[in-house]
Novice: 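I'd like to ask some things about the structure below.
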Protein chains: 2
Amino acid sequence: MSTYALDPWTALGDPSRRQIFERIAERPRSVTELAELLPISRPAVSQHLRALREANLVTVRAVGTRRIHQVNPDGLRTLRNDLDSYWGGALANLKELAEQETQP
Amino acid sequence: MSTYALDPWTALGDPSRRQIFERIAERPRSVTELAELLPISRPAVSQHLRALREANLVTVRAVGTRRIHQVNPDGLRTLRNDLDSYWGGALANLKELAEQETQP
DNA sequence: ACGAACCGTAAGTTACCACTTACGGATATA
DNA sequence: TATATCCGTAAGTGGTAACTTACGGTTCGT
């Protein structure tokens, strides 16, 4: 276990990290492959992958000298739960607004 | 329409902004009320609210001298769509992994 | 009309973090 | 064994953005 787990929202808050994550979501990819797709260096990708790993958004498996990264459902579950609670507030607002309009 | 719309992922990437958004999701609140709930100054809250507005995550309505902010479903829809596409990749990974295990 | 409450923006500072280069370890290939 | 590929981390730097204080505008109450 890592000493400090990063928040998945904060992790995906960075544009480069979001690009990396989107590529991984398409299919599992190696570090070098990701670096070739992005306008940043390979070490930068490595550092971003570490953040995504600490946020439980990706997992790794070693295949030869390459490290294949793929999406981890754990972090996605956290995001979905948070998002659902946000939706609760949004719907409550719309409901209240509708009631005010129908009965002023 | 604003000249430049901020990405909702980037907007919620900031911890303070996420706290503000969570409070608004509970119920619509004024700027001063939000500032009292957070460890930052009122102008800071104002700046964060602007970012959330540009990301289509909140809307405002003036009530007297106060500006009441509430959740905007538009930004939430974007987040949900992105999240769903991420889930697609995650499920595909799990499926492929299961197939490899059952038929090596 | 006057003070108070509520708020947005401008300006300036500081801390952080995204990025680079440099280096070394691990594994496959010849 | 030697070489190449793939990768992580350390160290250092620059830019940015999150915050503060200061100021001025708008609306409500008296």
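Here the structure is a predicted model, which means the values were calculated and not measured.
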Novice: In whole angstrom, what separates Leu52(A)'s CG from dC17(C)'s P?
Specialist: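 Checked: the CG to P distance equals 15 Å.
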Novice: How many Å lie between CZ on Arg42(A) and P on dT5(D), as a whole number?
Specialist: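 After rounding, the reported distance stands at 13 Å.
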Novice: If the threshold is 4.0 Å, N to carboxylate O, is there a salt bridge linking Arg18(A) and Asp82(B)?
Specialist: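 Between Asp82(B) and Arg18(A) there is no salt bridge, as every charged N stays at least 4.0 Å from the carboxylate O atoms.
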Novice: Test of understanding: clusters of I, L, V, M, F, W, Y form through side-chain heavy atoms closer than 4.5 Å, transitively. Do Leu12(B) and Ile40(B) belong to the same one?
Specialist: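 Yes, Leu12(B) connects to Ile40(B) through the hydrophobic network.
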Novice: Round to the nearest Å and state the distance from Leu49(B) atom CG to dA17(D) atom C1'.
Specialist: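 Interatomic distance, CG of Leu49(B) to C1' of dA17(D): 16 Å.
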Novice: Could you tell me whether Glu33(A) and Arg27(A) have a side-chain N and a carboxylate O separated by less than 4.0 Å?
Specialist: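 A salt bridge is present here (some side-chain N lies under 4.0 Å from a carboxylate O).
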Novice: Output the single nucleotide from dT20(C), dA5(C), dA18(C) whose closest atom is nearest the side chain of Ile40(A).
Specialist: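 For Ile40(A), the side-chain atoms sit closest to dT20(C).
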Novice: In terms of the angle between their ring planes, are Tyr86(A) and Trp9(A) parallel, tilted or perpendicular, with boundaries placed at 30° and 60°?
Specialist: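 If you compare the ring of Tyr86(A) with that of Trp9(A), the planes turn out tilted.
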Novice: Select one nucleotide: of dT5(D), dT27(D), dT9(D), the one nearest the side-chain heavy atoms of Thr65(A).
Specialist: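 Among dT5(D), dT27(D), dT9(D), the one nearest the side chain of Thr65(A) is dT5(D).
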Novice: Figure out the NE2/C1' separation between His48(B) and dG8(C), and round it to whole Å.
Specialist: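 Taking atom C1' of dG8(C) as the reference, NE2 of His48(B) is at 15 Å.
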Novice: Provide, to the nearest angstrom, the distance between the CG atom belonging to Leu38(B) and the P atom belonging to dT20(D).
Specialist: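 One finds 11 Å between P of dT20(D) and CG of Leu38(B), rounded.
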Novice: Can you figure out which of dA18(D), dT21(D), dA5(C) approaches the side chain of Asp14(B) most closely?
Specialist: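 Of dA18(D), dT21(D), dA5(C), dA18(D) is nearest to the side chain of Asp14(B).
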Novice: Would you compute the distance between atom CG of Leu49(A) and atom CD of Glu54(A) and round it to the nearest 0.5 angstrom?
Specialist: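 If I round to the nearest 0.5 Å, the distance is 11.5 Å.
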Novice: Consider the side chain of Ser16(A), meaning its heavy atoms from C-beta on, and name the nucleotide among dC19(C), dC7(D), dT9(C) that approaches it most closely.
Specialist: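 Selected nucleotide (nearest to the side chain): dC19(C).
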Novice: Whole angstrom is fine here: how far is it from CG in Leu34(A) over to C1' in dA18(C)?
Specialist: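 From Leu34(A) CG to dA18(C) C1': 17 Å.
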Novice: For Ile20(A) and dC7(D), give me the distance from atom CD1 to atom P, rounded to whole Å.
Specialist: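 Going from CD1 in Ile20(A) over to P in dC7(D) covers 13 Å.
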Novice: Rounded off to whole Å, could you give me the CD-to-C1' distance for the Glu54(B) and dT9(C) pair?
Specialist: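 It works out to 13 Å between those atoms.
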Novice: Could you tell me whether the phosphate oxygens of dA18(C), OP1 or OP2, come under 4.0 Å of any side-chain nitrogen or oxygen in Arg17(A)?
Specialist: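 The answer is yes; a side-chain N or O of Arg17(A) sits under 4.0 Å from OP1 or OP2.
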Novice: Please check the phosphate of dC6(D) (OP1 and OP2 only) for any side-chain N or O of Ser30(A) closer than 4.0 Å.
Specialist: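 Answer no for this pair, as no side-chain N or O of Ser30(A) is under 4.0 Å from OP1 or OP2.
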Novice: For a quick test of reading the model: is some side-chain N or O of Arg67(A) closer than 4.0 Å to OP1 or OP2 of dG8(D)?
Specialist: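 So the side chain of Arg67(A) is within the cut-off, an N or O lying under 4.0 Å from OP1 or OP2 of dG8(D).
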Novice: Nearest to the side chain of Thr32(A) - dC7(D), dA5(C), dT9(C)?
Specialist: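 Nearest to the side-chain atoms of Thr32(A), counting from C-beta on, is dC7(D).
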Novice: Give the nucleotide from the list dA18(D), dT20(C), dT20(D) with an atom nearest to the side chain of Ala44(A).
Specialist: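 Output: dT20(C).
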Novice: Between Arg66(A) and Gln47(A), just flag the one whose closest nucleotide in DNA chain D comes earlier from the 5' side.
Specialist: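 Closest to the 5' end, via its nearest nucleotide, is Arg66(A).
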Novice: Of Gly64(A) and Ser41(A), whose closest DNA chain C nucleotide lies nearer the 5' terminus?
Specialist: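 Closest to the 5' end, via its nearest nucleotide, is Ser41(A).
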